[in-house]
2 protein chains.
Amino acid sequence: MRSNGEKSGNGYKNGNGNEHTMTMQKIATLAGVSKGTVSRALADDPKVSEKTRLKIKEIASSQNYRPNAAAVSLARGRTNTIGLVIPSAPRALSDPFYLEFLGGVGDFLITKGYNILLSPMSEQGPGHVKLLETNRIDGLILTEPEQADARIAYLRDRAIPFVFLGQTSDNEGLWVDGDNVGGARIAVNHLLGLGHRRIGCITGSMNLVSGANRLAGYITALTAAGVPFQQELVAEGDFTEPGGRRAVAQLLELENPPTAIFACNDLMAIGAINGARERGISIPQDLALAGFDGIRSGELISPKLTTVVQPIYQMGLLAGELLVKSILGEEITTRHMLLPLDLKIRESCGG
Amino acid sequence: MRSNGEKSGNGYKNGNGNEHTMTMQKIATLAGVSKGTVSRALADDPKVSEKTRLKIKEIASSQNYRPNAAAVSLARGRTNTIGLVIPSAPRALSDPFYLEFLGGVGDFLITKGYNILLSPMSEQGPGHVKLLETNRIDGLILTEPEQADARIAYLRDRAIPFVFLGQTSDNEGLWVDGDNVGGARIAVNHLLGLGHRRIGCITGSMNLVSGANRLAGYITALTAAGVPFQQELVAEGDFTEPGGRRAVAQLLELENPPTAIFACNDLMAIGAINGARERGISIPQDLALAGFDGIRSGELISPKLTTVVQPIYQMGLLAGELLVKSILGEEITTRHMLLPLDLKIRESCGG
DNA sequence: CATAGTGCTTTAACCGTTTGCAATACCTGA
DNA sequence: TCAGGTATTGCAAACGGTTAAAGCACTATG
């Protein structure tokens with residue numbers, strides 16, 4: 001007993017909390033071996049004999065030993081923590097989208113032994129990134145890429161692994177996204193199939209890739225069907241409910257208003273429904289409306305929203321998986337995941 | 001230059017990432033002082049001379065120095081990280097409530113230099129707590145306390161500071177909550193004021209404190225108004241939309257159905273609206289409906305939901321503040337924050 | 001019987017900070 | 001000029017792990 005050196009803690013500082021926290025050294029003393037052996041035993045290093053390993057594990061678990069994460073991070077140079085940057089208000093806090101995504105990310109990463117550090121993207125620019133960098137995270141999941149996103153260069157420069165939720169222009173990068181173009185096309189095709197020819201579009205924020213791509217899908221669907229694209233049928237929104245409300249007003253005031261509208265997300269679709277209703281226009285009788293995202297509220301509203309459903313939770317899982325692979329330096333065969341999207345037909349388009 | 005000892009990194013391990021990360025030692029070398037002086041200078045220790053301090057800070061910022069969080073944690077015995085346990089599916093991921101709460105918590109804690117580690121409460125029991133303990137968090141914010149919550153004893157035993165979002169039975173504990181009893185009473189009083197005498201209640205999960213208290217508020221409001229409480233008018237829900245739908249069906253099938261219903265949260269209220277509509281009952285003409293929480297969807301639905309609004313974001317701020325005080329050992333005058341709630345009158349109650 | 005393995009364990013350096021104490025430099029007044 | 005402060009700074013021991021390399025106790029070999 002107490003055979004090895006390492007003067008026991010005279011604890012001349014660090015007065016916080018438990019005096020009786022179990023450390024590796026204490027386990028070692030109890031087991032009559034050295035600290036190093038304990039470390040190896042707990043890591044299942046084959047160089048430790050079966051007998052010793054079992055004894056040490058036994059003691060460790062009976063003493064309820066938990067390694068100190070900070071010490072592990074320091075020694076290994078990895079934090080086992082990843083950062084998740086979600087957009088700040090108004091979008092994130094109101095959009096159920098991100099919480100569900102977070103659920104997927106969390107469920108995956110936690111089983112892999114990673115922790116999630118949340119960073120609301122409060123400041124513009126790479127401020128939040130710095131915040132995360134301070135904490136030496138192993139990797140980062142970001143959302144809402146912009147058309148030319150400055151964060152990409154910043155992160156690549158720092159060699160921090162990262163994954164975007166949302167397609168980025170940069171071809172190297174890792175990202176997971178729903179097929180915005182394809183999804184939009186499906187929605188518009190559905191409206192075309194119902195006989196509509198005058199189909200409006202309420203766009204999202206055009207600086208976001210998702211906003212631009214959904215509009216692109218709308219346009220290609222129209223032209224593929226031989227319906228000429230008309231600029232006046234496009235009203236710019238901003239992915240919020242009031243934005244949708246404003247945009248629908250703009251479209252309904254045309255001398256020849258659309259008979260159907262594709263809104264680039266559900267929140268705007270809901271805004272459009274409300275806005276249309278205020279003008280005495282009933283959905284879907286007078287106006288068909290399709291959305292995008294598949295958020296919960298779309299099911300709750302009346303009429304229930306026909307929408308392009310994104311597998312949000314799934315996307316979270318995938319983003320987590322990509323990031324972990326990237327952190328561990330494993331080979332990544334598909335760097336981009338463009339998930340096909342389905343249309344969930346409910347009530348808002350009639351038919 | 002290079003006056004002090006400390007063999008420079010021969011780096012025989014730890015091959016990850018940047019070879020050129022700035023450490024305190026490097027700053028010290030650049031400034032021609034010792035590591036310890038740098039540490040003190042950056043911490044604004046008055047024992048360091050003005051001149052040295054300025055020089056060191058200058059160099060540190062020009063070198064873009066960021067302290068290694070793991071090392072700080074290890075040395076100080078504090079992690080500057082707090083855990084946030086949110087309920088897992090189905091409630092959390094669909095309930096905008098928690099994301100908004102998280103926003104408040106995050107905004108407060110991040111300005112105080114804390115990080116947030118998220119833990120979806122995936123397993124039952126204290127499993128997630130252990131997870132957090134492994135990471136030596138400084139404190140914990142928990143949600144959805146149960147009537148006799150085992151986590152309380154567990155955490156107190158480990159001397160981990162914690163704050164609940166939700167009133168706990170335990171009188172020592174710290175918590176922030178909306179006034180569930182009072183809020184429910186206001187809602188029911190509103191219905192009473194509109195002339196209703198036969199008012200139903202769709203309860204939440206009765207094992208949760210919030211569920212029990214909102215029912216209590218309903219009952220006290222009724223009895224205070226001299227309206228006898230009738231068990232048949234109470235239908236048990238579970239805080240979900242389908243739960244509300246089922247519950248409203250149960251109430252509407254009574255031979256003498258209620259003319260108004262108080263649903264213990266908005267999600268159930270929305271379910272009730274949908275359920276009622278399916279049965280051809282229109283809101284608010286045939287049935288008045290009030291909810292609780294003030295979530296976003298309640299504004300989007302038609303008719304817009306009259307509901308007891310909780311200052312969710314605010315509650316997040318307060319929870320963060322309480323927790324930090326508790327961690328730092330500051331004196332806490334009010335250990336419980338029971339926030340008064342207001343009724344937001346919209347359309348679903350008519351009147 | 002000396003020598004080389006082999007299998008396991010100990011030793012000690014190291015990760016990047018914080019901080020008590022020792023040491024040095026600079027002042028002050030006698 | 002020198003003792004005795006006082007303001008700064010340096011030193012080195014922690015914090016709790018990981019891990020290369022040396023050490024030790026055996027056995028197998030020549």
Side-chain angles (χ1 to χ4, degrees), chain A residues 3-19 21-29 31-43 45-53 55-56 60 65-80 134-136, chain B residues 3-19 21-29 31-43 45-53 55-56 60 65-80 134-136:
Chain A
S3 52
N4 48 4
E6 190 105 0
K7 43 275 149 203
S8 64
N10 59 349
Y12 69 89
K13 66 168 171 180
N14 206 343
N16 82 311
N18 286 330
E19 278 313 323
T21 27
M22 258 305 140
T23 70
M24 198 164 254
Q25 182 56 55
K26 291 189 193 158
I27 300 291
T29 308
V33 298
S34 77
K35 201 170 57 160
T37 301
V38 174
S39 175
R40 281 188 244 272
L42 294 178
D45 187 319
K47 278 183 292 190
V48 177
S49 73
E50 174 92 4
K51 200 177 59 153
T52 321
R53 177 155 40 87
K55 179 162 70 161
I56 290 175
Y65 167 75
R66 314 257 169 229
N68 178 313
V72 175
S73 296
L74 186 56
R76 280 225 265 252
R78 295 205 268 114
T79 59
N80 259 47
T134 306
N135 293 93
R136 301 289 147 79
Chain B
S3 53
N4 47 4
E6 190 102 359
K7 42 279 151 198
S8 64
N10 57 349
Y12 70 88
K13 65 166 171 181
N14 206 344
N16 82 311
N18 288 333
E19 278 314 323
T21 27
M22 259 304 141
T23 70
M24 198 164 255
Q25 181 56 57
K26 290 187 193 161
I27 300 291
T29 309
V33 299
S34 78
K35 207 169 52 160
T37 301
V38 174
S39 175
R40 281 187 246 270
L42 295 177
D45 187 317
K47 277 182 293 188
V48 178
S49 72
E50 174 93 3
K51 198 176 59 149
T52 323
R53 177 156 39 87
K55 178 161 71 161
I56 290 175
Y65 167 75
R66 314 256 169 229
N68 178 313
V72 175
S73 297
L74 186 55
R76 281 224 266 250
R78 295 204 267 112
T79 59
N80 258 48
T134 305
N135 291 92
R136 300 289 146 79

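So that the names make sense, note that chain A is the first sequence line, chain B the second, and so on, each numbered from 1.
Taking atom NZ on A:Lys35 and atom P on C:dC8, their separation rounds to 23 Å, with Å as the unit. For B:Met24 and D:dA12, the CE to C1' distance is 16 Å, given to the nearest whole Å. Here D:dG16 presents its P atom at 13 Å from CD1 of A:Ile27, a figure rounded to the nearest Å. Summarising the geometry, the separation between CG on A:Asn68 and P on C:dT17 is reported as 16 Å, rounded to the nearest angstrom. We find that CD of A:Gln25 is positioned 13 Å from C1' of D:dA14, with the value rounded to whole Å. The NZ-C1' distance, from A:Lys47 to C:dT9, rounds to 11 Å in whole Å. Across the protein-nucleic acid pair, B:Arg66 atom CZ and C:dC15 atom C1' stand 20 Å apart, rounded to whole Å. In this structure, B:Lys26 places its NZ atom 8 Å from P of C:dG16, rounding to the nearest Å.
Of the listed nucleotides (C:dT17, D:dA20, D:dG16), D:dA20 has the atom at the smallest distance from the side chain of A:Arg40. Candidate nucleotides D:dC15, C:dC21, C:dT10 were compared by shortest atom distance to the side chain of B:Leu74, and D:dC15 ranks first. When distances are taken from the side chain of B:Val72 to each of D:dG16, D:dT8, C:dT17, the shortest belongs to C:dT17. Listed nucleotides D:dG10, D:dT18, C:dG16 differ in distance to B:Ala75; the shortest reach to its side chain belongs to C:dG16.
Dashed line: the shortest gap from a side-chain N or O of B:Ser39 to OP1 or OP2 of C:dT18 is under 4.0 Å. Listed pair A:Ser34 / C:dT10 meets the phosphate criterion, a side-chain N or O lying under 4.0 Å from OP1 or OP2. Proximity of A:Thr23 to the phosphate of D:dG16: no side-chain N or O atom is located under 4.0 Å from OP1 or OP2. Taking 4.0 angstrom as the limit, A:Thr52 places a side-chain polar atom (N or O) nearer than this to OP1 or OP2 of C:dT9. An OP1 or OP2 oxygen of C:dT9 is reached within less than 4.0 angstrom by a side-chain nitrogen or oxygen of A:Ser49.
Between B:Lys26 and B:Thr23, some side-chain heavy-atom pair lies under the 4.5 Å cut-off. Contact of the A:Val33 side chain with the A:Thr52 side chain is registered, since non-hydrogen atoms from C-beta on lie closer than 4.5 Å. For the pair B:Val38/B:Tyr65, no side-chain contact is recorded, criterion being any heavy-atom separation below 4.5 Å from C-beta on.
Looking at heavy-atom distances under 4.0 Å, A:Val38 makes no contact with the nucleic acid at all.
Heavy-atom nearest nucleotides on DNA chain C were determined for B:Thr37 and for A:Arg53, and the one closer to the 5' end corresponds to A:Arg53.
Taking all atoms of both residues into account, the shortest heavy-atom contact from B:Gln25 to B:Lys35 is OE1-CD, 3.3 Å. Looking at every heavy atom in both residues, A:Val72 comes nearest to A:Pro67 through CG2-CB, 4.2 Å.
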